[in-house]
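Down below is the structure, laid out as structure tokens.
Every chain is numbered from 1, with letters handed out A, B, ... down the list of sequences. What you are looking at is a predicted structure, and each value in this text was computed from that prediction instead of being measured.
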Protein chains: 2
Amino acid sequence: MVQYTGTRFDASFGALSDATRRGVLEQLGRVDASITDLAKKFHMTLTGMKKHVGVLEQAGLVTTEKVGRVRTCKLGLRRLEEEAAWIERYRQIWAVRFEELDKVIAEQRRKEKVDGRKQRKKRE
Amino acid sequence: MVQYTGTRFDASFGALSDATRRGVLEQLGRVDASITDLAKKFHMTLTGMKKHVGVLEQAGLVTTEKVGRVRTCKLGLRRLEEEAAWIERYRQIWAVRFEELDKVIAEQRRKEKVDGRKQRKKRE
DNA sequence: GGTATACTGAACCATGTGGTTCAGTATGTA
DNA sequence: TACATACTGAACCACATGGTTCAGTATACC
């Protein structure tokens with residue numbers, strides 16, 4: 001199986017584990033922005049925002065380019081394909097693992113329904 | 001729009017940002033395990049593994065139950081639905097954002113082709 | 001040239017993370 | 001009872017994180 005190198009997912013999931021950074025991604029999905037724009041939007045110093053952008057850039061989720069004195073940030077090339085795939089695979093595993101439990105629950109529901117019918121019948 | 005409370009995603013994406021914890025999830029997808037089992041599998045002290053399990057438990061990805069002296073870990077109730085949805089939505093935004101760029105690239109390709117034809121024509 | 005804008009880097013701070021060791025406690029087993 | 005097993009909690013460690021301030025540098029504009 002693919003050796004889940006870790007470091008790549010470490011970076012992307014790590015980048016996503018912060019609300020500000022998720023916000024920045026959503027914002028950049030609407031329109032490109034400078035560090036200043038983002039810092040204002042998220043009520044933070046330039047330096048603080050620069051660090052967040054750095055993390056996102058490291059994870060490949062954002063790219064930046066400096067023209068004159070302003071650094072413009074855009075969405076990067078990584079589109080979270082592998083991350084989506086990992087989660088999907090997990091959900092698959094999860095579903096299989098709980099199939100049995102689901103059956104048990106379904107069986108219980110069925111019984112309850114039958115019991116309910118009996119109850120109603122009694123009352124009739 | 002839904003106020004992305006943050007803390008929930010912070011916990012789940014944070015939990016996923018570590019290779020050992022992703023490994024533990026995959027392992028628990030195969031079979032329930034004690035702390036000792038997991039510690040052995042991932043070459044770590046019991047205490048270290050307990051912390052990882054704690055993080056996963058906090059994120060709702062794992063549940064544990066102690067019977068006698070052994071604590072058994074299983075997959076938890078959270079099946080990463082919202083996380084999958086967030087990523088999907090992001091991928092959607094990403095696609096829209098880059099549609100324009102794709103068009104530009106396609107246009108360039110088309111031009112190049114035309115130019116190539118002109119070049120060939122010239123040479124004829 | 002002078003002033004405002006936009007970023008950058010170093011340094012600091014509190015807190016969190018990923019691990020360890022060590023010293024327990026509780027439980028199973030001969 | 002004695003011994004082994006399984007976990008637990010406190011304390012420690014080095015380093016990362018999420019922020020700040022402060023002192024720059026580079027660029028734009030009057």
* Asked: How many Å lie between NZ on Lys66(B) and P on dG28(C), as a whole number?
  -> 10 Å

* With sequence neighbours left out, what residues match Glu65(A) under side-chain contact (heavy atoms from CB on, under 4.5 Å)? -> Val67(A)

* Asked: Going 5' to 3' along nucleotides 15-26 of chain D, which nucleotides have protein heavy atoms under 4.0 Å from the base (write B), which only from the sugar-phosphate (write S), and which from neither (write -)?
  -> ---SBBBB----

* Sequence-distant partners of Arg71(B), salt bridge (Lys or Arg N to Asp or Glu O under 4.0 Å), two or more places apart -> none

* Under the salt bridge (Lys or Arg N to Asp or Glu O under 4.0 Å) rule, collect the residues that match up with Arg69(B), sequence neighbours excluded. => none

Show me the side-chain donor-acceptor pairs of residues 40-52 of chain A shorter than 3.5 Å, one per line, residues at least two apart or across chains.
| from | atom 1 | to | atom 2 | distance (Å) |
| --- | --- | --- | --- | --- |
| Thr45(A) | OG1 | Gly48(A) | N | 3.1 |
| His52(A) | ND1 | Arg21(A) | NH1 | 3.2 |

* Separation of atom CG in Leu56(B) from atom P in dT17(C), rounded to whole Å -> 13 Å

* Over how many whole Å does the gap from Phe42(B) atom CZ to dG19(C) atom P extend? -> 11 Å

* Asked: Any side-chain N or O of Lys50(B) less than 4.0 Å from the OP1 or OP2 oxygen of dG9(D)?
  -> yes

* Structure fact -> The side-chain contact (heavy atoms from CB on, under 4.5 Å) partners of Ala84(B) (sequence neighbours excluded) come to Ile87(A), Glu88(A), Arg91(A)

* Asked: For Glu82(B), does the CD atom sit with more than 12 other heavy atoms under 6.0 Å from it, leaving out its own atoms?
  -> yes

* When the distance from CG of Asp10(A) to C1' of dG18(C) is rounded to whole Å, what number comes out? -> 12 Å

